[in-house]
Peer 1: 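Supplied in structure tokens, the structure appears directly below.
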Amino acid sequence: MQLTIFKDYHTLSQQAAGEVIALVKHKPDAVLCLASGSTPMLTYRLLAEKALAQKVDFTRCIFIGLDEWVGISPENEGSCAFFFRTHVFNHINFSASRIYLFNALSGNLAQECATMNHVIEKNGGIDLMLVGVGMNGHIGFNEPGTSFELYSHVTQLDETTTSVGQKYFKEATALTQGITVGLKHLLESKKVLLLANGNKKAGIIQKALEGEITDALPACIIRQHTNSIVMIDEEAAGMLV
Ligand code: GLP
């Protein structure tokens with residue numbers, strides 16, 4: 001694991017976007033597993049700008065959506081699918097046939113997980129995973145207590161996630177379960193970028209990077225990955241010893 005501290009959110013996002021661009025230039029059919037959420041929003045805007053300026057083509061890439069709220073429609077503004085359409089697909093030329101998102105309305109979520117696992121496997125694994133970190137240390141919807149050995153699965157969301165998650169929705173929304181790519185996928189990804197910015201993430205970043213490695217805090221798994229970069233701004237680094 002490599003730790004890089006940037007002076008601010010913009011510089012961090014520039015660097016993260018640059019990492020994605022560099023990979024896709026080198027490997028035009030890369031398998032990318034990307035998070036939604038507030039953290040990578042600017043990364044995706046800058047990625048779109050760089051892709052346009054440098055004529056980088058994403059049409060051969062595979063796009064894997066990291067996670068989704070179970071029972072929430074892709075038309076709902078708070079869904080991860082809506083986020084990806086708004087912040088990624090409307091600006092970057094991914095091929096529709098190469099985009100894989102969990103269908104969180106499916107009556108057979110186990111099948112959704114199996115399909116996602118199969119897509120990742122048949123395409124040779126994930127080349128780059130770009131993730132954020134939740135206020136409880138989750139990655140995707142791998143909540144505290146999740147085994148590092150799991151591939152895609154359905155989870156019971158914990159209280160922090162269901163209350164913090166309200167920020168994505170226009171109105172109060174009942175959130176109980178999530179469907180997510182697993183931590184085993186993260187460990188097997190060829191490269192992982194973990195992004196965090198702002199004072200509010202300082203405590204969880206300190207625990208993830210300097211505390212005990214335990215499944216009670218999923219983000220600390222990043223230290224077990226040999227090709228991961230933790231990219232944080234000075235505010236998020238504020239509690240590191
Ligand atoms: C959310 C999502 C994650 C996201 C994380 C941090 O609940 N499930 O994929 O990375 O929590 O979100 P944010 O970047 O908005 O702080």
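For ligands, and for the atoms within them, numbers begin at 1 and follow the listed sequence. Note: hydrogens, waters and symmetry copies are ignored here, and every other heavy atom, side chains too, is used.
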Peer 1: Determine whether more than 12 heavy atoms belonging to other residues, nucleotides or ligands lie under 6.0 Å from atom CZ of R223.
Peer 2: yes
Peer 1: Is the closest heavy atom of V131 to ligand 1 under 4.0 Å?
Peer 2: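 In this structure, V131 fails to qualify as a contact of ligand 1 - no heavy atom is under 4.0 Å.
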Peer 1: Can you list the atoms of ligand 1 that are under 4.0 Å from a heavy atom of G37?
Peer 2: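 Matching atoms, with element in brackets: 14 (O), 15 (O).
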Peer 1: Could you identify the single nearest non-hydrogen protein atom to atom 14 (O) of ligand 1 and state the distance to 0.1 Å?
Peer 2: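 Here the nearest protein heavy atom works out to T39 OG1, 2.4 Å.
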Peer 1: So does Q156 have more than 12 non-hydrogen atoms from other groups sitting under 6.0 Å from CD?
Peer 2: yes
Peer 1: To which protein heavy atom is atom 16 (O) of ligand 1 closest, and what is the distance rounded to 0.1 Å?
Peer 2: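 Residue, atom and distance for the closest contact: K201 NZ, 2.7 Å.
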Peer 1: May I ask you to check whether N93 and T59 show a side-chain donor-acceptor distance below 3.5 Å?
Peer 2: no
Peer 1: Considering only protein heavy atoms, which is closest to atom 2 (C) of ligand 1, and at what distance to one decimal place?
Peer 2: D67 OD2, 3.6 Å
Peer 1: Can you tell me if G165 has a non-hydrogen atom under 4.0 Å from ligand 1?
Peer 2: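 No.
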Peer 1: Donor-acceptor pair, distance only, cut-off 3.5 Å: does the side chain of W69 make one with the backbone of T176?
Peer 2: no
Peer 1: Hey, does M135 sit under 4.0 Å from ligand 1 if you only count heavy atoms?
Peer 2: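 M135: no contact with ligand 1 (<4.0 Å).
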Peer 1: Counting only N and O atoms by type, is there a donor-acceptor contact under 3.5 Å from the side chain of Q166 to the main-chain atoms of T162?
Peer 2: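 The answer is yes, because a donor-acceptor pair under 3.5 Å joins these two groups.
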Peer 1: Is there a donor-acceptor pair closer than 3.5 Å between any side-chain N or O of K7 and the backbone N or O of D233?
Peer 2: no
Peer 1: Is there a donor-acceptor contact under 3.5 Å linking the side chains of T180 and H153?
Peer 2: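 There is no such pair (donor and acceptor under 3.5 Å, judged by atom type) between the side chains of T180 and H153.
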Peer 1: Looking only at protein heavy atoms, which one is nearest to atom 4 (C) of ligand 1, and what is the separation?
Peer 2: S36 O, 4.0 Å
Peer 1: Can you confirm whether or not the ring centre of H185 sits under 6.0 Å from the ring centre of Y151?
Peer 2: yes
Peer 1: Return the closest protein heavy atom for atom 15 (O) of ligand 1 as residue, atom name and distance.
Peer 2: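 Scanning the protein heavy atoms, the shortest distance from atom 15 (O) of ligand 1 goes to Y168 OH, 2.5 Å.
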Peer 1: Could you list which atoms of ligand 1 come closer than 4.0 Å to a heavy atom of K167?
Peer 2: 13 (P), 15 (O), 16 (O)
Peer 1: Numbering the atoms of ligand 1 from 1, which are under 4.0 Å from a heavy atom of V133?
Peer 2: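 Those qualifying, in numeric order: 6 (C).
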Peer 1: Are K207 and E212 ion-paired here, with the side-chain N under 4.0 Å from a carboxylate O?
Peer 2: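 Salt bridge between K207 and E212, a charged N being under 4.0 Å from a carboxylate O: no.
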Peer 1: At less than 4.0 angstrom from any non-hydrogen atom of H138, what atoms of ligand 1 do you find?
Peer 2: 1 (C), 5 (C), 7 (O), 11 (O)
Peer 1: Which atoms of ligand 1 are found less than 4.0 Å from any heavy atom of L66?
Peer 2: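 Heavy-atom distances to L66 below 4.0 Å select 9 (O).
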